[in-house]
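All values below come from the heavy atoms of this structure, side chains included, with hydrogens, waters and symmetry mates left out. Indexing begins at 1, ligand by ligand and atom by atom, following the structure's order.
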Amino acid sequence: MSYDPSTGKSNTAKSNTGRSLGDKSLRVGILTGGGDCPGLNAVIRAVVRKAEREYGDSVIGFKDGWKGLLENESRLLDIESLRGTLPRGGTIIGTSRVQPYMFEDGVARVSDTVRRHSLDALIVIGGEGTLSVAYEIHKEGILPVIGVPKTIDNDIACTEMTFGFQTAVQIAVDAIDRLHTTAESHHRVMIVEVMGRHVGHIATWTGIAGGATMILVPEQPFDINEVASILQHRHETNRYASVVVVAEGAQPIPGTFELPDKEVDEYGHVKLGGIGSIIASELEKRTGMDTRVTVLGHIQRGGTPNAFDRVLCSRFGVAAIDAVHEGVMGEMVALQSGNITKVPLGDAVAGLKGITDELWQTAKVFFPPLPSD
Ligand code: F6P
């Protein structure tokens with residue numbers, strides 16, 4: 001199948017048997033990159049199921065994300081090898097944050113692996129970082145690339161939902177349901193730190209569904225003095241327990257107090273986590289209220305995908321392999337108005353998707369009033 005990255009189209013001319021080249025059996029690579037997420041295996045399973053059964057394709061799984069293409073480490077994925085993986089968390093082909101542009105000869109090494117395996121297309125399952133690399137590889141014109149939006153953070157643009165998000169929210173809501181009763185017994189403030197590096201989708205959904213007292217998200221810098229006086233007022237007026245949901249990337253209004261500098265890992269990825277404890281100690285200092293912290297961390301990312309995500313992953317996987325055969329590449333499968341569609345990868349990675357104003361205004365309806373109100 002020949003490919004023109006400037007148009008994003010593969011050559012779908014008729015072969016001499018009269019079949020469209022889009023109907024040919026293909027060799028399709030697949031990788032999972034970045035942080036893991038519930039549902040990765042469900043996407044792989046869906047791709048393989050349709051690829052093998054309907055198109056007669058071979059699907060080659062590259063190990064540990066782009067690293068597998070750089071180091072030519074792969075395994076053949078067939079329907080038999082995917083049995084039992086629909087509910088299984090993590091990714092059976094592994095993941096990492098290694099990517100070709102970290103190495104001078106990275107793109108050449110990827111090209112070489114593509115050639116050795118005679119790959120016709122590559123399906124890249126990842127979040128913002130992995131999909132940005134997929135977009136660059138698409139522009140290099142090495143082979144057709146199609147993206148699948150993964151991340152519990154739900155921050156990929158052009159899709160209403162990434163897979164894994166709904167599962168993460170359910171895990172966090174289950175935790176909050178438990179924290180309410182212990183908070184009430186001890187008349188405490190419970191700070192619950194959830195993931196959400198740049199955006200507050202998990203925090204806001206979790207806070208609304210879990211009946212949180214307040215929610216702090218990266219998109220809405222908070223005033224710690226205001227949070228303290230709202231909680232104090234609430235506890236002084238006969239409500240003796242509060243649950244505050246904090247996204248790990250939440251930021252104080254500049255000048256109110258400073259967060260310590262964060263460590264950066266070998267891929268330039270800032271290591272977050274810990275803001276819950278900082279907020280708890282700032283609140284205790286200001287109010288003297290008994291405060292405890294729960295950091296949900298990677299519990300939100302591990303384990304089985306919920307029913308919604310299993311269906312979404314199955315739809316994304318089927319749409320991705322169909323897209324390969326339609327010859328439309330350099331795109332990402334997406335959920336829009338409840339339907340599976342495709343969007344240009346360039347648009348999907350152009351910026352992150354934050355929470356909408358409507359969602360935030362809805363969340364705020366359930367916050368306690370300011371003492372002066
Ligand atoms: O990208 C999803 C995410 O869950 C972020 O919310 C979080 O900051 C990050 O992954 C942590 O990833 P890791 O611990 O794997 O570096």
Side-chain angles (χ1 to χ4, degrees), residues 31-40 43 63-67 89-91 93-99 102 124-134 147-157 159 161-173 175 191-207 215-220 245-251 259-279 293-306 309 312-313 332 348-349 351-355:
L31 66 84
T32 54
D36 75 340
C37 173
L40 287 163
V43 176
K63 290 189 186 161
D64 301 336
W66 293 106
K67 193 162 177 264
T91 162
I93 50 176
T95 186
S96 73
R97 291 203 167 92
V98 173
Q99 53 98 344
M102 289 166 57
V124 176
I125 311 171
E128 183 222 351
T130 306
L131 293 176
S132 296
V133 173
V148 181
K150 161 242 72 160
T151 165
I152 64 165
D153 287 2
N154 193 30
D155 58 2
I156 306 289
T159 183
M161 208 83 79
T162 55
F163 73 83
F165 168 65
Q166 289 285 338
T167 302
V169 168
Q170 191 59 58
I171 292 166
V173 171
I191 307 291
V192 188
E193 181 180 310
V194 296
M195 282 190 171
R197 175 162 286 266
H198 306 290
V199 299
H201 293 281
I202 297 178
T204 312
W205 277 62
T206 297
I215 305 165
L216 308 180
V217 295
E219 296 93 324
Q220 303 284 337
V245 179
V246 183
E248 62 182 350
Q251 294 291 327
L259 293 178
D261 288 344
K262 288 283 173 194
E263 226 182 293
V264 176
D265 71 13
E266 57 191 309
Y267 309 108
H269 189 70
V270 178
K271 286 192 190 167
L272 292 180
I275 189 159
S277 303
I278 295 170
I279 289 174
V293 184
T294 302
V295 180
L296 290 178
H298 294 78
I299 289 171
Q300 295 156 97
R301 253 171 46 181
T304 188
N306 71 4
D309 277 328
L312 184 61
C313 290
M332 180 188 84
V349 299
L352 292 173
K353 177 189 69 190
I355 56 170

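The ligand atoms of ligand 1 that sit less than 4.0 angstrom from a heavy atom of I152 are 4 (O). Remark: ligand 1 atoms within the under-4.0 Å shell around heavy atoms of G196 are 6 (O). The ligand atoms of ligand 1 that sit less than 4.0 angstrom from a heavy atom of R301 are 3 (C), 4 (O), 9 (C), 10 (O), 11 (C), 12 (O), 13 (P), 15 (O).
Without hydrogens or angle criteria, T32 side chain to G65 main chain gives no donor-acceptor distance under 3.5 Å. Remark: the backbone N or O of D309 is paired with a side-chain donor or acceptor of N306 at under 3.5 angstrom. Panel note: side chain T95, backbone D36; no donor-acceptor pair is recorded below 3.5 Å. One N or O on the side chain of Q300 and one on the backbone of G297 form a donor-acceptor pair closer than 3.5 Å.
Enclosure of atom CD1 in I299 is not indicated, since only 12 or fewer non-hydrogen atoms of other residues, nucleotides or ligands lie within 6.0 angstrom. For D265, the CG atom sits in a packed shell: over 12 heavy atoms of surrounding residues, nucleotides or ligands are nearer than 6.0 Å.
Among protein heavy atoms, the minimum distance from atom 1 (O) of ligand 1 is reached at D153 OD2, 3.7 Å. Closest protein heavy atom to atom 14 (O) of ligand 1: H298 NE2, 2.7 Å. Taking atom 16 (O) of ligand 1 as the reference point, the nearest protein heavy-atom neighbour is R97 NH1, 3.0 Å. Of all protein heavy atoms, the one lying nearest to atom 8 (O) of ligand 1 is E248 OE2, 2.6 Å. In terms of protein heavy atoms, atom 4 (O) of ligand 1 is closest to M195 SD, 2.8 Å.
Contact annotation: for D265 versus ligand 1, there are no heavy atoms closer than 4.0 Å.
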Less than 3.5 Å apart, which donor and acceptor atoms pair up between the side chains of residues 191-204 and the rest of the protein, not counting sequence neighbours?
{"unit_1": "E193", "atom_1": "OE1", "unit_2": "G274", "atom_2": "N", "d": "3.2"}
{"unit_1": "E193", "atom_1": "OE1", "unit_2": "I275", "atom_2": "N", "d": "3.2"}
{"unit_1": "E193", "atom_1": "OE1", "unit_2": "G276", "atom_2": "N", "d": "2.7"}
{"unit_1": "E193", "atom_1": "OE2", "unit_2": "G274", "atom_2": "N", "d": "3.1"}
{"unit_1": "R197", "atom_1": "NH1", "unit_2": "V270", "atom_2": "O", "d": "2.8"}
{"unit_1": "R197", "atom_1": "NH2", "unit_2": "H269", "atom_2": "NE2", "d": "3.3"}
{"unit_1": "R197", "atom_1": "NH2", "unit_2": "V270", "atom_2": "O", "d": "2.7"}
{"unit_1": "H201", "atom_1": "NE2", "unit_2": "N154", "atom_2": "O", "d": "3.3"}
{"unit_1": "H201", "atom_1": "NE2", "unit_2": "K353", "atom_2": "O", "d": "2.9"}
{"unit_1": "H201", "atom_1": "NE2", "unit_2": "G354", "atom_2": "O", "d": "3.4"}
{"unit_1": "T204", "atom_1": "OG1", "unit_2": "G200", "atom_2": "O", "d": "2.6"}

